[in-house]
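Data first, discussion second: the structure below is written as structure tokens.
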Amino acid sequence: MTNFSEVDIIYLFTTVLVFAILLIMVVVYIFFYRKKSELLFDRKLKEAQFEQELTLAIIEMKETTLSYIGQELHDDLGQKMSIAKLMVNLGLENAEGPQKEILLEINEVIGESIRDIRSLSKSFITEQIENLGLVQSIQKEVSRIDRLNLMKISFNHNTDKIDIGSKDSLILFRIIQESINNVLKHSRAKNMTISLQDEAKFVEIILRDDGIGFEKNKHKTGSGLISMKKRANLIQTDLEVDTIVGKGTTITIKYNKN
């Protein structure tokens, strides 16, 4: 039988104690290392979320700014340039010689400026369609027309988002814009409604006004209608115009999803 001396027992106890302390230190180190790693991960995750939210805020701010600039270009500056062009045209009626030539040059410059403004405004609207979608873009256009107090206009829709491509959405939006512009320019309407129904296989958009209407046979070659029908054909969309003189006009747009 082996007898342990007091020194051996002290040595064994010390060894066990040191080992236990080392084991505890390792466990504590692993625990704090894991906690530190979790804290670092949480911090990086929060930083990533903050960066994402900041990016989204910047994109939203940019879109809002571009939309506002586009509307201001179209509504304010474009209108002022159109008035200036009208005043120059009035001056041309009584102008002669060098004065007439100068006014013609001014008229040409104003015309080019108006086209540039419209082009720039359209580029902003293209970004608006890509970011906001068709429904919200129509709503913004309706709000813009409503602010001008030219007529009462309303927009009814059964969805806030339509699952169609941005290019087709843009063409549909252009058709709607053209229709609204035609109503403002020619119909003398006091009220206009736009209805959008998103169904499983198609999207139907109906635009109605209570204006003076027109004779279809006399106006079927009008630039506005031709432009709308050409755009509709680009995306294989049906466009029907129903109008009666003195009773307004209804335009039905049917976009097939498949």
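Shown are Ile253, Asn256, Ile205; of these, the side-chain contact (heavy atoms from CB on, under 4.5 Å) with Thr237 is made only by Ile253.
A donor-acceptor pair under 3.5 Å is absent between the side-chain atoms of Ser179 and the main chain of Ile175, judged by distance alone. In terms of modelled atom types and a separation under 3.5 Å, the side chain of Lys257 and the main chain of Glu199 share a donor-acceptor contact. Panel note: side chain Asp146, backbone Val142; no donor-acceptor pair is recorded below 3.5 Å. Asn233 places a side-chain N or O within donor-acceptor distance of the main-chain N or O of Lys229, the cut-off being under 3.5 Å. Ser195 places no side-chain N or O within 3.5 Å of a backbone atom of Asn156 that could act as its donor or acceptor partner. Put simply, the side chain of Thr243 never gets that close to the backbone of Thr250: no donor and acceptor are under 3.5 Å apart.
In this structure the side chain of Glu141 reaches within 4.5 angstrom of the side chain of Gln177, judged on heavy atoms. Contact of the Ile235 side chain with the Leu172 side chain is registered, since non-hydrogen atoms from C-beta on lie closer than 4.5 Å. Using a 4.5 Å cut-off on side-chain heavy atoms (C-beta onward), Gln197 and Val203 make no contact. With a 4.5 Å cut-off on side-chain heavy atoms, Leu225 and Phe214 count as touching. With contacts defined as side-chain heavy-atom distances shorter than 4.5 Å, the pair Phe155/Val135 qualifies. The side-chain heavy atoms of Asn182 and Met228, taken from C-beta on, include a pair separated by under 4.5 Å. Inter-residue side-chain proximity for Gln136 and Lys161 is flagged as unmet; no heavy-atom pair is nearer than 4.5 Å.
Screening residues 200-211 for side-chain hydrogen bond (donor to acceptor under 3.5 Å, both in side chains), with sequence neighbours left out, gives Asn191-Asp210.
Glu38 CD: more than 12 foreign heavy atoms inside a 6.0 Å radius. Open room surrounds CG on Asp163; 12 or fewer heavy atoms of other groups in view lie less than 6.0 Å from it.
Here the shortest heavy-atom pairing between Ser169 and Leu134 reads O-CD1, 3.6 Å. The two residues Met151 and Ile145 make their nearest non-hydrogen contact at CE-CG2, 4.4 Å.
Tracing side-chain contacts under 4.5 Å through hydrophobic residues (I, L, V, M, F, W, Y), one reaches Ile176 starting from Val241; they form part of the same cluster. No single ILVMFWY cluster, assembled from side-chain heavy atoms under 4.5 Å apart, contains both Phe31 and Leu23. A continuous path of hydrophobic side-chain contacts links Leu104 to Ile106 [ILVMFWY only; heavy atoms under 4.5 Å]. Following chains of ILVMFWY side-chain contacts shorter than 4.5 Å, one cannot reach Ile206 starting from Ile244, and the two form parts of different hydrophobic clusters.
Rounding to the nearest 0.5 angstrom, the gap separating the CG atom in Asn181 from the OG atom in Ser227 is 10.0 Å. To the nearest 0.5 Å, the span separating CD1 on Ile180 from CG on Leu207 amounts to 6.5 Å. To the nearest 0.5 Å, the span separating OG1 on Thr252 from CG on Leu239 amounts to 8.0 Å. For the atom pair OG1 of Thr193 and NZ of Lys152, the computed distance is 13.5 Å after rounding to the nearest 0.5 Å.
The cationic group of Lys254 lies under 6.0 Å from the six-membered ring centre of Phe202 and within 45° of the ring axis, placing it in a cation-pi geometry.
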Check against side-chain contact (heavy atoms from CB on, under 4.5 Å), Thr249 and Ile212 = CA-CA 8 Å; Thr249 302; Ile212 60 174; over 6 Å; no
